[in-house]
Amino acid sequence: MDNKAASKTYARRMRWSNLFTPTLRDAPGDAESASHKLLVRGGFMRQLHAGHYSMLPLGWKVHEKVAQIVREEMNAIGGQEFLLPAMHPKSLWEASGRWELMGDEMFRFEDRSGAEVGLGMTHEEVFASIATEINSYKTLPQIWYQLQWKFRDEPRPKAGLLRVREFVMKDSYSLDIDQAGLDANFDKHHEAYLKIFDRLDLEAMPVEASSGAMGGAGSIEFMVPSPSGEDDVVTCPNCDYQANVERATSKVDAISDDAPPAEPEKFATPGIRTIKALEDAGAPATSQMKSMIMVLDGNITIAVVRGDQQLNMQKLQDSTGAAELRPATPDETVEHLGAAPGSLGAVGVRDDIAIYVDESLQGRTNLTTGANEDDFHYRGVDIERDVNVMKYVDLREVRAGESCANCGTTLEIVRCIEAGHIFKLGTKYAEAMGAKVLDADGEMQTIVMGSYGIGIGRNMATIAETHFDDKGLIWPVSVAPFDVVITVMNMKDEATVNAANALYDELLAARIDVLIDDRDARAGVKFADSELIGIPYRVTMGPRGIADGLVEFTERSTMETEEIGLADIADKVKATLLS
RNA sequence: CGGGAAGUGGCCUAGUUUGGCUAAGGCGCCUGCUUUGGGAGCAGGAGAUCGAGAGUUCGAAUCUCUCCUUCCCGACCA
């Protein structure tokens with residue numbers, strides 16, 4: 001890995017005696033995740049309020065190194081850097097329909113004249129509005145990007161930098177004349193992202209994902225396994241199948257049912273409110289219809305999965321195209337279906353209530369379900385005959401232990417942090433903004449867009465989540481706040497100080513990002529701080545060794561120490577960092 | 001938004017149950033001395049409207065009410 005570029009940009013004189021890095025022995029009581037504790041303890045950042053963090057000098061330095069790597073890889077695929085406004089007029093977002101769609105997640109306010117504005121959560125609209133100035137296919141393709149602040153009114157910021165309300169994101173947008181062009185640019189981004197994560201030393205898995213509020217045809221998330229993550233990824237250990245649970249599928253064993261009675265039989269089930277209780281009363285969960293009453297864009301809707309399975313709300317949202325969805329309240333179920341949760345079902349409901357049924361129930365019969373009358377259920381239900389199914393769709397959430405749909409191997413589920421996400425948008429935003437060009441035949445074509453995002457702070461935190469030990473952080477050289485620290489054991493020993501300063505100057509001249517710990521502190525303090533902060537290499541210089549012409553060279557990740565001759569240490573450091 | 005927990009110097013905590021003198025301890029910080037290869041020692045010192053407001057009381061960190069803030073879980077279990 002080439003560290004020279006980063007070093008050129010960042011090498012500068014820095015003595016620890018003048019460095020503002022307030023390290024703490026104890027993590028703040030309200031920090032839970034590893035990255036949150038360590039980034040605060042190491043003096044990288046401080047919380048201002050929930051979801052808003054101040055970057056201190058060390059934190060900003062790491063942040064900038066991550067950003068620089070992202071820049072370099074975006075430039076490498078022909079990206080051009082922009083900087084767009086963070087504050088947008090309402091009209092722009094109304095044009096795409098997202099002023100409504102984004103709901104409470106968008107920060108909104110009025111300026112002094114009463115005009116409504118919003119803080120940008122993402123920049124499809126703004127970039128598409130600029131793309132209206134492209135008139136010819138000859139100008140395409142384009143890749144446009146920026147590193148810029150995003151604002152999102154998250155319902156629950158959490159885990160330090162992992163989920164915040166304002167953060168720097170690299171967002172890029174590809175502009176093409178057709179789908180083939182989009183596919184090519186999408187693949188370029190896919191490759192660039194893998195390079196970025198490789199340079200950040202993150203083991204990111206590309207997985208199939210839901211496109212959510214972005215819209216569009218295809219999307220891939222880059223997921224880094226970590227217990228602090230918020231997403232579950234289904235992986236096949238055999239055939240490389242990987243997908244977010246919001247999208248993942250698996251093989252379901254076929255179930256053969258006994259012939260049903262001529263019509264559903266209603267039977268009394270006093271006090272039975274759960275799948276489990278109904279199972280105890282003789283109806284296997286695999287033969288129950290779990291009917292969840294949802295409100296989709298204001299309309300009562302029933303989603304049905306098998307009794308032993310779980311509904312994935314994102315799948316329901318994706319397959320219905322609903323902008324907003326929530327479970328119905330108990331009052332609403334009584335009003336629209338006539339019973340409270342626990343006795344609900346899809347048999348014989350009003351015509352205007354849409355019913356979506358999971359594919360695994362197609363063709364099933366002799367099922368048990370709520371009768372929409374408290375304390376009563378139906379049995380002997382034939383789904384084709386008795387339920388007015390609007391559509392069979394994939395609704396159920398894959399669980400660990402199920403079989404891979406491709407190869408039959410037992411699937412695993414891994415908790416992950418979403419480190420990056422790329423989308424094939426299509427023409428939605430270009431259409432809304434009127435971004436059209438003339439093609440080679442003189443025909444007007446709408447520009448085909450893709451959008452691609454990486455959160456810089458989140459990636460910094462993800463590196464922290466995956467690079468630490470009981471002593472503190474262990475940054476990869478590519479993003480470490482410093483490449484190497486020279487730890488001076490005794491600032492009163494002239495020979496040591498002189499040797500340390502000489503090495504410091506030589507490494508600086510070689511463009512190495514070096515820090516000299518020239519504080520008048522005891523050895524233990526200096527060791528503990530350098531390990532907490534996670535500087536990858538340490539040169540330890542003390543009177544004892546200097547007298548014999550020796551210094552120590554320690555690698556943070558392994559804590560292995562090697563004795564090196566004073567005359568050779570500069571070359572050793574250069575060889576290690578610049579090779 | 002629902003549920004749970006918690007707010008005491010820069011950081012971690014005790015004290016709150018059972019109201020009572022100048023709010024205690026550790027870390028960190030300042031001064032001096034000593035020390036200098038794994039978060040030293042001694043001495044002295046600075047730093048707190050105990051989250052905010054209202055109330056009860058002779059007296060409130062402690063009891064009551066309201067509000068604010070932060071963290072965790074959830075946002076489907078029919």
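Throughout, a chain's letter reflects where its sequence line sits, starting with A, and its residues are numbered from 1. Keep in mind it's a predicted model, so treat the numbers as computed, not measured.
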[M] and [N], which share atom name [atom1], separated by this distance in whole Å:
N	M	atom1	value
B/C71	B/U22	C1'	34 Å
B/U13	B/G55	C1'	30 Å
B/G25	B/U70	C1'	25 Å
B/U64	B/C1	P	25 Å

Next on the checklist: If the cut-off is 4.0 Å, is A/R156 near the phosphate of B/C73, judged by side-chain N/O to OP1 or OP2?
Outcome noted: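 Yes, within the criterion.
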
Is a salt bridge present between [X] and [Y], judged by a nitrogen-to-oxygen distance below 4.0 Å?
X	Y	result
A/D529	A/R519	yes
A/R163	A/E230	yes
A/D153	A/R165	yes
A/E105	A/R152	no

Roughly, in whole Å, what's the span from [atom1] in [X] to [atom2] in [N]?
X	N	atom1	atom2	value
A/D548	B/G37	CG	P	15 Å
A/D232	B/A75	CG	P	11 Å
A/E230	B/A75	CD	P	12 Å
A/R163	B/A75	CZ	P	14 Å
A/R519	B/A40	CZ	P	12 Å
A/K158	B/G4	NZ	C1'	15 Å
A/D26	B/G25	CG	P	18 Å
A/Q310	B/G74	CD	P	12 Å

Next on the checklist: Would the base of B/C72 count as contacting A/E32 through its side chain, where contact means a donor and an acceptor less than 3.5 Å apart?
Outcome noted: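 No pair found.
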
Item to check | Interface residues of residues 33-53 of chain A with RNA chain B (non-hydrogen, below 4.0 angstrom) | outcome: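 Correct list: A/R41, A/Q47, A/H49, A/A50.
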
With sugar-phosphate meaning primed atoms plus P, OP1 and OP2, does [X] contact a base, only sugar-phosphate, or nothing at under 4.0 Å between heavy atoms?
X	value
A/A303	nothing
A/G29	sugar-phosphate
A/D493	nothing
A/R538	base
A/E531	base

I want to know whether [X] and [Y] have ring centres closer than 6.0 Å.
X	Y	answer
A/F44	A/W475	yes
A/Y537	A/F553	yes
A/H36	A/Y53	yes

Next on the checklist: Between A/E384 (side chain only) and A/G363 (backbone N and O only), is there a donor and an acceptor less than 3.5 Å apart?
Outcome noted: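 Yes; judged by distance alone, with no hydrogens or angles, the pair exists.
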
Checklist entry - Is the shortest heavy-atom distance from the side chain of A/L515 to the side chain of A/Y504 under 4.5 Å? => result no

Checklist entry - A/V40 versus A/M45: any side-chain heavy-atom pair under 4.5 Å? => result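 Yes - at least one pair of side-chain heavy atoms lies under 4.5 Å apart.
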
Checklist outcome for this item: Taken in chain and number order and not counting sequence neighbours, the residues that satisfy ring pair (Phe, Tyr, Trp, His ring centres under 6.0 Å) with A/H377 are none

Next on the checklist: The criterion is side-chain hydrogen bond (donor to acceptor under 3.5 Å, both in side chains); which residues satisfy it with A/D104, sequence neighbours excluded?
Outcome noted: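 Applying side-chain hydrogen bond (donor to acceptor under 3.5 Å, both in side chains) to A/D104 gives none.
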
Checklist entry - Which pair of non-hydrogen atoms, one from A/D548 and one from A/R544, has the smallest distance, and what is that distance? => result OD2-O, 3.7 Å

Next on the checklist: Please identify which of these residues, A/E221, A/E208, A/E418, meets the side chain to side chain donor-acceptor pair (under 3.5 Å) condition with A/N244.
Outcome noted: A/E221

Please list each protein N or O that sits under 3.5 Å from an N or O in nucleotides 44-49 of chain B, with the distance.
none

Checklist entry - Counting a pair only when it is Watson-Crick or G-U and both distances are under 3.5 Å, which runs of at least 3 such pairs involve RNA chain B? => result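 Only these stems qualify: B:1-7 with B:68-74, B:10-13 with B:24-27, B:29-33 with B:41-45, B:51-55 with B:63-67.
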
Taking only N/O atoms, report every protein-nucleotides 28-36 of chain B pair under 3.5 Å with atom names and distance.
| unit_1 | atom_1 | unit_2 | atom_2 | d |
| --- | --- | --- | --- | --- |
| B/U35 | O2 | A/R522 | NH1 | 3.1 |
| B/U36 | O2' | A/N490 | ND2 | 3.0 |
| B/U36 | O4 | A/K492 | NZ | 2.6 |

Next on the checklist: Which residue in the set A/E531, A/E555, A/E552, A/R556 passes side chain to side chain contact (heavy atoms under 4.5 Å, CB included) when paired with A/R538?
Outcome noted: A/E531

